[in-house]
Amino acid sequence: MGHGPEQVISSDQIKRRGGLMFAALIRLGQAALTALAACVIVFALLPLAPGDPANRVLLARGVETPTPAEIEATRVELGLYDPMPVQFINWLGNVMQGDFGLSFTSQASVTQEILERLPATLILLGLALGFSIVFSLSFALIAAGFRDRWPDHLIRIYTQIGAAFPTFVFALLALTFLIVGFQMGQVLADVTWQAALIPAFIIGLDRAASWTQLLRAGLLQAMASGYADVARTRGASEGRILLRHALPNAILPFLTAIGVSIGALIGGAPLIEAIFTWPGLGAYVLEALSARNYPVIQAYVLIAALSYVAAALLVDLAAILLDPRLRDPSK
Amino acid sequence: MTTSFTLTRPAPLPRQVPRRLLAKLWHHRSGRLGLILGLALCLFAMVGAVWTPADPNQPNYINALKPPQLAHPFGTDATGRDMFSRSLDAAHRSLGAATLVLAAVFVIGLLIGTTAGLLGGVVDTVLMRTADIAMTLPGLVLAFAVLGILGPGFLNLLLALIIADWAWYARLARSLSLNARHQPHVIAARLAGVPNWRIICGHILPDVALQLGIVASLALGGMIGAISGFSFLGLGVQPPHAEWGAMLSEARLYFTVALWLLIAPAGLIFLSVLSANLIGNALRDVAGAKDEQS
């Protein structure tokens, strides 16, 4: 690439910069559209639910047999007589200002209640994500470096076992083992970083299994490729090929898997928090789900959808930045 | 691959595979293990659907929390119900539900995806935009949302999982059917004057179905986990009916005194997902399926 005259190179660079910006902008527009679609779905939850929304709101507030006047008042209060698009825009306007309405059960602001519980969930899921990235990166590199020797066999057994345990079953068994075997029940008392360490370690260990599998396969494929052979003929050590050639090439699908799994992680939060009796967003939603507390469910689904969209966007932007082949929008 | 330069033969064409798929699976080392395990679990579930040694839902408080013994191989739970009978009874719910959801998603995805891919035009746009909207939410979150609307319950859970997953299969089926249209044997058939419906039924649908089926089989393990997870939370199978996830949830209050209550359901979930994973991975190997193509 560096052989042409100076001018050609610079204009080529400008074109590549343009391609980069263009691809990034297109991806950004897609993300905005996706977020809007998510908002439509979340809004539609309330009208889609069977029965009269006013009745359900009253029931959730504890009014078992409402009078027609009460129903009428609730309908006006909820704006149910407005046309659907107007209702949607009103709702969206409120949501954009961070207002998800009042909780049916406690009559308190849903946003407030969520903000109280969000830190606990972020601490747990963030730590778990960190653990699983560290585990899968190191396990996959070790396995690929020691291919078909005992560390590789050991790690492959771990990935098979880890993939065969749904996260909640693994977490339940690990927790039981810790509490029964080591009397560590007291450690998991309140919401601190230290208390989150053990649950996050357990979740991370389970989630890392499938990522290790993915990254190991990618690394091995790259190690067997033509450019790895070229590096070998030029005297590069296997370790250097693994770290400098195979890893950068195998990392993209790995990043994508991590981005996608953010959605699964948030979606799995109710289950994980139920197991560790962790007072976060997931536990809150679970409570809301059995009480049919729709504003809370809506808020959770929207937060989950938006973080999913944001994570996918970040990963894709990183991929565009890392891999020039993705910059051509025509492909 | 230890030698540096080896000539690689082109992968065999996936067309020749379907007829001998089971035989090839049997000769695949981990595939055979998965098949044996899977067959054993299917048998277990089928027996459990029609017969159990004791009534799985009848409490018997005198027998409460008995450790495993000859009369109760898996012990008894806090209300004295035989854990073996409950595990046996639960199998067809846990495994059947996962299979049912994936079969439904497979059929819906195949129909919608191939329709969109083969008809094109407005139909394609409408169907795929709908799918795109359904795919904006992560599957588990969408399932939670649908359960939030419909309320907890086993059938509602199945419906929620189908709603959460169909779009992914429809998208994949569409891109596979577009690929299949440009396969040499399809073009040859068209040149030979084979009518359109025969090309679709005889060539394109089987191709797409095979690839889509492999993807669905790879998802079976995750689906078993999802169903038992939702039931663990009390959102799926309702008491007194047994389901492995729900049994774990009942057991966790007593795990300090009765560890066996955890072992049986957790072990069965583990073995089921393991078997599904082994079969799925072996299937992907022997069918020579391409990895995800976006």
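Because only heavy atoms are used, hydrogens play no part in the values below, and waters and symmetry mates are left out as well, while side chains stay in. Residue numbers start from 1 in every chain, and the chains themselves are labelled A, B, ... in the order their sequence lines are given, proteins ahead of strands.
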Identify all side-chain donor-acceptor contacts of residues 30-46 of chain A below 3.5 Å with residues at least two apart in sequence or on another chain.
from	atom 1	to	atom 2	distance (Å)
A:Thr34	OG1	A:Gln30	O	2.6

Exercise. So what's closer than 4.5 Å to chain A heavy atoms on B:Leu235: side chain, backbone, both or neither?
Worked result: side chain

Exercise. Which bit of B:Ser228 comes within less than 4.5 Å of chain A, counting heavy atoms only: side chain, backbone, both or neither?
Worked result: both

Problem set entry | chain A contacts, top residue of B:Gly229, B:Gly225, B:Ala266, B:Pro265 (heavy-atom pairs, under 4.5 Å) | B:Gly229

Problem set entry | Test item: B:Val101 and B:Asp165 side chains (from C-beta on) under 4.5 Å apart, heavy atoms | no

Exercise. To the nearest 0.5 Å, what is the distance between CG (B:Leu95) and OG (B:Ser272)?
Worked result: 4.5 Å

For this session: Under 4.5 Å, counting heavy-atom pairs only, tell me which of A:Ala264, A:Ser290, A:Gly226, A:Pro270 racks up the most with chain B.
Result: A:Pro270

Problem set entry | B:Arg86/B:Asp89 under salt bridge (charged side-chain N to carboxylate O under 4.0 Å, His left out): CA gap, chis, key distance, verdict | CA-CA 5 Å; B:Arg86 278 181 78 69; B:Asp89 179 49; over 6 Å; no

Exercise. Given that the side chain runs from C-beta out, which part of A:Tyr294 has a heavy atom under 4.5 Å from chain B: side chain, backbone, both or neither?
Worked result: side chain

Exercise. Under a 4.5 Å heavy-atom cut-off, does chain B meet the side chain of A:Pro253, its backbone, both or neither?
Worked result: neither

Seminar exercise, completed: OG of B:Ser175 to CD of B:Gln211, rounded to nearest 0.5 Å, is 9.5 Å

For this session: Determine the interplanar angle of the A:Phe170 and A:Phe165 rings, folded into 0 to 90°, and report it as parallel if under 30°, tilted if 30 to 60°, perpendicular if over 60°.
Result: tilted

For this session: Would you indicate whether the side-chain heavy atoms of A:Arg147 and A:Glu238 approach each other to under 4.5 Å?
Result: no

Exercise. If you count heavy-atom pairs under 4.5 Å with chain A, which of B:Gly139, B:Gly151, B:Gly221 comes out on top?
Worked result: B:Gly151

Seminar exercise, completed: Per-residue tally against chain B (heavy atom, under 4.5 Å) across A:Leu306, A:Ile266, A:Leu286, A:Leu271 peaks at A:Leu271

Seminar exercise, completed: Bottom line for B:Phe232: the part with an atom under 4.5 Å from chain A's heavy atoms is side chain

Seminar exercise, completed: Heaviest contributor of heavy-atom pairs below 4.5 Å to chain B, chosen from A:Ile297, A:Leu173, A:Thr167, A:Thr176, is A:Thr176

Exercise. By a 4.5 Å heavy-atom criterion (distance strictly below it), what part of A:Leu302 contacts chain B: side chain, backbone, both, or neither?
Worked result: neither

For this session: Might you work through the salt bridge (charged side-chain N to carboxylate O under 4.0 Å, His left out) test for B:Asp132 and B:Arg129, ending with a clear yes or no?
Result: CA-CA 5 Å; B:Asp132 284 345; B:Arg129 284 309 145 266; 2.7 Å; yes

Problem set entry | Proximity breakdown for B:Ile224 and chain A, heavy-atom pairs closer than 4.5 Å | neither

